[in-house]
Number of protein chains: 2
Amino acid sequence: MAQAPADDALITTYGRLVEAHSHLGRQLGRSLEQQAGVPQTWFEVLLRISRADGSQVSMGSLAQQVALTSGGITRLLDRMIDAGLVERVACPTDRRVAFAALTAQGADLLERASSVHAGDLRQVFSAFSDADLQTLDDLLDRLRATVGPSPTTGPSLAAGGDPVSTGPGGPPSRRPRDG
Amino acid sequence: MAQAPADDALITTYGRLVEAHSHLGRQLGRSLEQQAGVPQTWFEVLLRISRADGSQVSMGSLAQQVALTSGGITRLLDRMIDAGLVERVACPTDRRVAFAALTAQGADLLERASSVHAGDLRQVFSAFSDADLQTLDDLLDRLRATVGPSPTTGPSLAAGGDPVSTGPGGPPSRRPRDG
DNA sequence: CTCCTTTGGTTGAGGTCTCAACTACTGATC
DNA sequence: GATCAGTAGTTGAGACCTCAACCAAAGGAG
């Protein structure tokens, strides 16, 4: 385990990121679910759709934004459609493409959930100054930029208009480990 | 969505954190798996065990550190034990407790994987100055601190075993950083 | 010592995701 | 216009996780 202390520090820094995200995510997700009745994944989808240009996004773009594979997004949307929150809209210019759009009910729920989420975040960030937040935004953006969003099986690029950016795709492939 | 722009900004900031984590995580996980043959979850576990006091951790503590429920950690360990990387060690003073410890093979794998991981991280952070890293560490620590470690089904709080960082909650951590 | 509450961990049932194979459609080439 | 490679999305099988019920041991009260 004797590695350069600098490497160790990097690993630890990354560990901080992972922990910050997982702890926050768990807490915020729980709150969202209890107070607004929406799983955090659903909220994420609703938000992305509403922020997209024309309030609709292709499945592929959505998949990238929420870090799911195309297969994953298909089923997630299926469930949300069953719940009456979103609907599939056929693309008029490319019949392969399916857009996701909010229903009135979905938009309504998003609004309520956003309010809850914002409240939670205000608490979480209560000890952060505007400068802190700005710095954090900057660092996270740079971090995000180092690696292109590289999820998915399928789509390659997203259409614009997302809250938190979009970008080119990356290489797939993976080997499962048998147990 | 008539909400205060400040709220909107917070939501977006949090979105950045989520994205930074998910994109990085996916990429690093893939690399780890391809180059070292370890799923990133396993790596995380190996690392936490090795860094724990006495190179052993209780299941509960481990569960918290990797953000899994107790049920989840039980099975994860089962798989890793099957693979010969870790072993369960009975606690001599409390027969309810099971410790996880590395086998020689596990320690070996960890060492190789750490090297891969550190290399990846060096690339990821290549555009970050020492000051940047320090700032990032600080911000993430503060973020982590706003919410206590979340409850995982079962254990309420674990003994010791600070995450992956240098010091337990207290003062903002000092990072040993050298070229 | 016995009862009872609390805590650590494991197990069964159910849910969501990834991977890989497959269908449908587009656009380029001949 | 027919062919073929590439792209968008869906679907089946398998992996992994969470929730909740459960067992075993520890610790305090009577």
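A note on names: the letters A, B, ... follow the listed sequences, proteins ahead of strands, and every chain is numbered from 1.
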Checklist entry - Reckon R79(A) touches a base, only the sugar-phosphate, or nothing at all at heavy-atom distances under 4.0 Å? => result sugar-phosphate

Next on the checklist: Just verifying a value: how many Å separate D120(A) CG and R30(A) CZ, rounded to the nearest 0.5 Å?
Outcome noted: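 Between D120(A) CG and R30(A) CZ, I get 13.0 Å after rounding to 0.5 Å.
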
Check the distance between [N]'s [atom2] and [X]'s [atom1] and give it to me in whole angstrom.
X	N	atom1	atom2	value
M59(B)	dT18(D)	CE	P	13 Å
M80(A)	dG15(C)	CE	C1'	16 Å
L68(A)	dC19(C)	CG	C1'	13 Å
E33(B)	dC16(D)	CD	C1'	13 Å
Q40(B)	dC16(D)	CD	P	12 Å
D78(A)	dT11(D)	CG	C1'	10 Å
F99(B)	dA25(D)	CZ	P	16 Å
I73(B)	dT10(C)	CD1	C1'	13 Å

Item to check | Phosphate OP1/OP2 of dT10(C) contacted by R88(B) side-chain N/O (<4.0 Å) | outcome: yes

Checklist entry - Does the side chain of R26(B) get closer than 4.0 angstrom to OP1 or OP2 of dC17(C) through an N or O atom? => result no

Checklist entry - Counting N and O atoms only, with roles assigned by atom type, does the side chain of R142(B) sit under 3.5 Å from a partner on the main chain of A127(A), one being a donor and the other an acceptor? => result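 Confirmed, R142(B) side chain pairs with A127(A) backbone.
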
Next on the checklist: For a quick check under 3.5 Å, do E111(A) and S115(A) share a side-chain donor-acceptor pair by atom type?
Outcome noted: no

Next on the checklist: Between R112(B) and V116(B), does the side chain to side chain contact (heavy atoms under 4.5 Å, CB included) criterion hold? Intermediate values first, please.
Outcome noted: CA-CA 7 Å; R112(B) 271 178 295 132; V116(B) 169; 5.9 Å; no

Checklist outcome for this item: Assign each of G72(A) and G72(B) the nucleotide of DNA chain D bearing its closest heavy atom; nearer the 5' end lies the nucleotide of G72(A)

Checklist outcome for this item: Against the side chain of L76(B), the closest entry in dC17(C), dT26(C), dC17(D) is dC17(D)

Checklist outcome for this item: Among the nucleotides dA26(D), dC19(C), dT10(C), whichever has the atom closest to the side chain of T74(B) is dT10(C)

Checklist entry - R95(A) or T41(A): which one's nearest nucleotide on DNA chain C is closer to the 5' end? => result T41(A)

Checklist entry - Hey, which of these two, R75(A) or R96(A), hits DNA chain C nearer its 5' end, going by closest nucleotide? => result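 Of the two residues, R75(A) wins.
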
Item to check | Nearest heavy-atom neighbours spanning L110(A) and L102(A) | outcome: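 Where L110(A) meets L102(A) most closely, the heavy atoms are CD2-CD1, 4.2 Å.
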
